[in-house]
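Some notes on the structure that comes next.
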Protein chains: 2
Amino acid sequence: MQRYFTITQLTQEFDITTRTLRFYEAQGLVLPQRRGRQRLYTPGDRTRIKLILRGKRLGFSLNEIKEMIEMYGSSPGETGQLRLLLERIAARREELLEKQRDIELTLLELDEVESGAKARMSELHTKMHVETE
Amino acid sequence: MQRYFTITQLTQEFDITTRTLRFYEAQGLVLPQRRGRQRLYTPGDRTRIKLILRGKRLGFSLNEIKEMIEMYGSSPGETGQLRLLLERIAARREELLEKQRDIELTLLELDEVESGAKARMSELHTKMHVETE
DNA sequence: CAGCCTTTTTACGTTAAAGTCAATAGATCA
DNA sequence: TGATCTATTGACTTTAACGTAAAAAGGCTG
């Protein structure tokens, strides 16, 4: 029993438009089957779409995302290709680790701004309190 | 003693073009002083540029980055504004935490692909070994 | 089977973030 | 001072990632 999703189901689930999904298909990122002219998405297609959107949230371009997806599915039988695959994995991992550090720093700065704002807020309250005494 | 950076120094340090820095200036993201027509960047300007590039790496748009930078510098004196600032901080934090989770997942998947590739690689070696015996 | 709704195709438009190019202005160096 | 270099400005172009609109093709319903 193969369960399929329609394009509109997926657009609603992920809050994207049909234009977007067809665009991703034109870029070779998803390849839904057809029943006549209608697109049928398998659970596997749905997973790929999730991967695409996750990549987008992290700031990767569609081309980079395509490469990553191809990495996932690839199982090269030759040593040279395998070595290349391992290199690409290492490179991606580096990028992701850098993004992690970037996020850590940004979160720390947000903490600072927040405590500054909270301090000013309690100052304001104190002042109001004194003035109304 | 105020030390200044020239535009080319910064382009070399951050590996961007002068066009990019002037574009950021036109968008109001940095505001270097002028000596005649020449731009002079202070250490503070340099820090802002670092913030911009970090934001870009995380997939934020220049407009979002501008908002964040303005948050950093702002010190509103009114409670309503402060409350708004705190809300924005919370929203940003949520986004960043989601990105963190996205990264974790992606790293895990990379691990899987990698160990799969390594397994296939040692299979290949074993096979070669057997065949050449 | 006529009418209506959804889906698909095709084609052109748009926006963000620069890239490229040409003209001009200062700055520098022999 | 003339020549050369670098920086600035303005205009136009490009690319990615869709948005929008129009026409045709199914599919469903009374």
Side-chain angles (χ1 to χ4, degrees), chain A residues 3-42 45-46 48-70 92 95 98-99 102, chain B residues 2-42 45-46 48-70 92 95 99 102:
Chain A
R3 177 75 178 97
Y4 292 110
F5 303 93
T6 71
I7 195 170
T8 29
Q9 279 177 351
L10 295 180
T11 60
Q12 286 165 7
E13 175 174 1
F14 298 120
D15 195 30
I16 53 183
T17 69
T18 59
R19 181 68 180 88
T20 300
L21 279 180
R22 288 196 271 264
F23 182 75
Y24 291 166
E25 183 177 344
Q27 302 303 307
L29 290 167
V30 242
L31 305 160
Q33 299 168 228
R34 297 294 181 112
R35 177 172 57 196
R37 331 192 342 141
Q38 213 185 137
R39 288 168 173 82
L40 294 177
Y41 294 85
T42 66
D45 292 328
R46 182 169 160 282
R48 288 170 83 95
I49 293 168
K50 277 210 261 187
L51 284 181
I52 296 169
L53 298 177
R54 205 168 74 195
K56 293 229 68 185
R57 283 198 299 274
L58 292 177
F60 289 108
S61 74
L62 290 184
N63 272 329
E64 292 172 310
I65 292 170
K66 188 178 179 185
E67 278 184 40
M68 296 182 67
I69 288 184
E70 282 165 1
R92 283 288 168 224
E95 278 182 76
E98 186 184 11
K99 281 180 201 277
D102 285 334
Chain B
Q2 267 272 43
R3 176 75 178 96
Y4 291 109
F5 303 94
T6 72
I7 195 171
T8 28
Q9 278 177 352
L10 294 180
T11 60
Q12 287 166 6
E13 176 175 359
F14 298 118
D15 195 30
I16 53 182
T17 69
T18 59
R19 181 68 181 87
T20 300
L21 280 180
R22 291 193 200 102
F23 183 75
Y24 291 166
E25 183 177 344
Q27 303 302 308
L29 290 167
V30 240
L31 305 160
Q33 299 168 229
R34 298 293 180 111
R35 177 173 57 196
R37 332 190 341 142
Q38 212 185 139
R39 290 167 172 80
L40 294 178
Y41 293 85
T42 65
D45 292 327
R46 183 170 161 282
R48 288 171 81 95
I49 293 169
K50 277 209 263 188
L51 285 180
I52 296 169
L53 298 177
R54 206 168 72 195
K56 293 229 68 186
R57 281 198 301 273
L58 293 176
F60 290 107
S61 74
L62 290 185
N63 271 331
E64 293 173 309
I65 293 170
K66 189 178 179 185
E67 278 184 41
M68 296 184 66
I69 289 183
E70 282 165 1
R92 281 292 169 223
E95 277 183 75
K99 279 178 203 277
D102 286 334

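Note: hydrogens, waters and symmetry copies are ignored here, and every other heavy atom, side chains too, is used. So you know, we letter chains A, B, ... as the sequences are listed, proteins then strands, and number each from 1.
- Residue A/Tyr24 has a polar side-chain atom (N or O) positioned under 4.0 Å from OP1 or OP2 of D/dC18.
- When every heavy atom of A/Ile52 is checked against every heavy atom of A/Ile65, the shortest pair comes out as O-CD1, 3.5 Å.
- Side-chain nitrogen and oxygen atoms of B/Thr17 include at least one within less than 4.0 Å of the OP1 or OP2 phosphate oxygen of C/dG19.
- Nearest heavy atom pair, residue B/Phe60 against residue B/Arg92, reads CE2-NH1, 3.7 Å.
- Rounded to whole angstrom, the span from the CD atom of B/Glu64 across to the C1' atom of C/dA17 amounts to 14 Å.
- Listed pair B/Thr20 / C/dA17 fails the phosphate criterion, with no side-chain N or O lying under 4.0 Å from OP1 or OP2.
- Rounding to whole angstrom units, CG of residue A/Leu21 and P of D/dA17 are separated by 15 Å.
- At the phosphate of C/dT8, OP1 or OP2 sits under 4.0 Å from a side-chain N or O atom of A/Arg22.
- Nearest to the side-chain atoms of A/Leu62 among the listed nucleotides D/dA17, C/dT7, D/dT9 stands D/dA17.
- A donor and an acceptor atom sit less than 3.5 Å apart, one in the side chain of A/Arg19 and one in the base of D/dT20.
- The NZ-C1' distance, from B/Lys66 to C/dA16, rounds to 14 Å in whole Å.
- The nucleotide whose nearest atom lies closest to any side-chain atom of B/Ile7 is, among D/dT8, C/dA17, D/dC18, D/dT8.
- At a threshold of 4.0 angstrom between heavy atoms, the contacts of A/Arg39 are confined to the sugar-phosphate backbone, with no base atom among them.
- Rounded to whole Å, the distance from CD on A/Gln27 to C1' on D/dT15 is 12 Å.
- Contact annotation for A/Arg34: backbone-only contact, meaning every heavy-atom pair under 4.0 Å involves sugar-phosphate atoms and none involves a base.
- A donor-acceptor pair under 3.5 Å is formed between the side chain of B/Arg48 and the backbone N or O of B/Leu29.
- Within 4.0 Å of A/Thr8, counting heavy atoms only, lie sugar-phosphate atoms of the nucleic acid but no base atom.
- When the nearest nucleotides of DNA chain C are assigned to B/Arg35 and B/Lys56 by heavy-atom distance, the more 5′-ward of the two goes with B/Lys56.
- Toward the 5′ end of DNA chain D lies the nearest nucleotide of B/Thr18, the other residue of the pair A/Ser61 and B/Thr18 mapping further downstream.
- B/Asn63 places its CG atom 12 Å from the P atom of C/dA18, with the value rounded to the nearest Å.
- Environment of CZ in A/Arg34: crowded, with over 12 heavy atoms of neighbouring residues, nucleotides or ligands closer than 6.0 Å.
- With distances taken from any side-chain atom of A/Arg37 to the nucleotides C/dA25, D/dG26, D/dC18, the minimum falls on D/dG26.
- The interatomic distance linking B/Ile65 (CD1) with C/dA18 (P) rounds to 9 Å, in whole Å.
- B/Glu25 places its CD atom 8 Å from the P atom of D/dT9, with the value rounded to the nearest Å.
- Counting only N and O atoms by type, the side chains of A/Thr20 and A/Thr17 include a donor and acceptor under 3.5 Å apart.
- Shown for residues 9-16 of chain A: no residue has heavy atoms falling under 4.0 angstrom of DNA chain D.
- Interatomic distance, CG of A/Leu10 versus CG of A/Asp15, reported as 12.5 Å (0.5 Å rounding).
- Nucleic acid contact class of A/Thr6 (heavy atoms, under 4.0 Å, all strands): none.
- Rounded to an integer number of Å, the gap from B/Phe23 CZ to D/dG10 P is 15 Å.
- B/Lys66 and B/Gln27 get closest at one heavy-atom pair: NZ-O, 3.3 Å.
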- Between B/Glu25 and B/Arg22, does a salt bridge (Lys or Arg N to Asp or Glu O under 4.0 Å) hold up when you go through it step by step? CA-CA 5 Å; B/Glu25 183 177 344; B/Arg22 291 193 200 102; over 6 Å; no

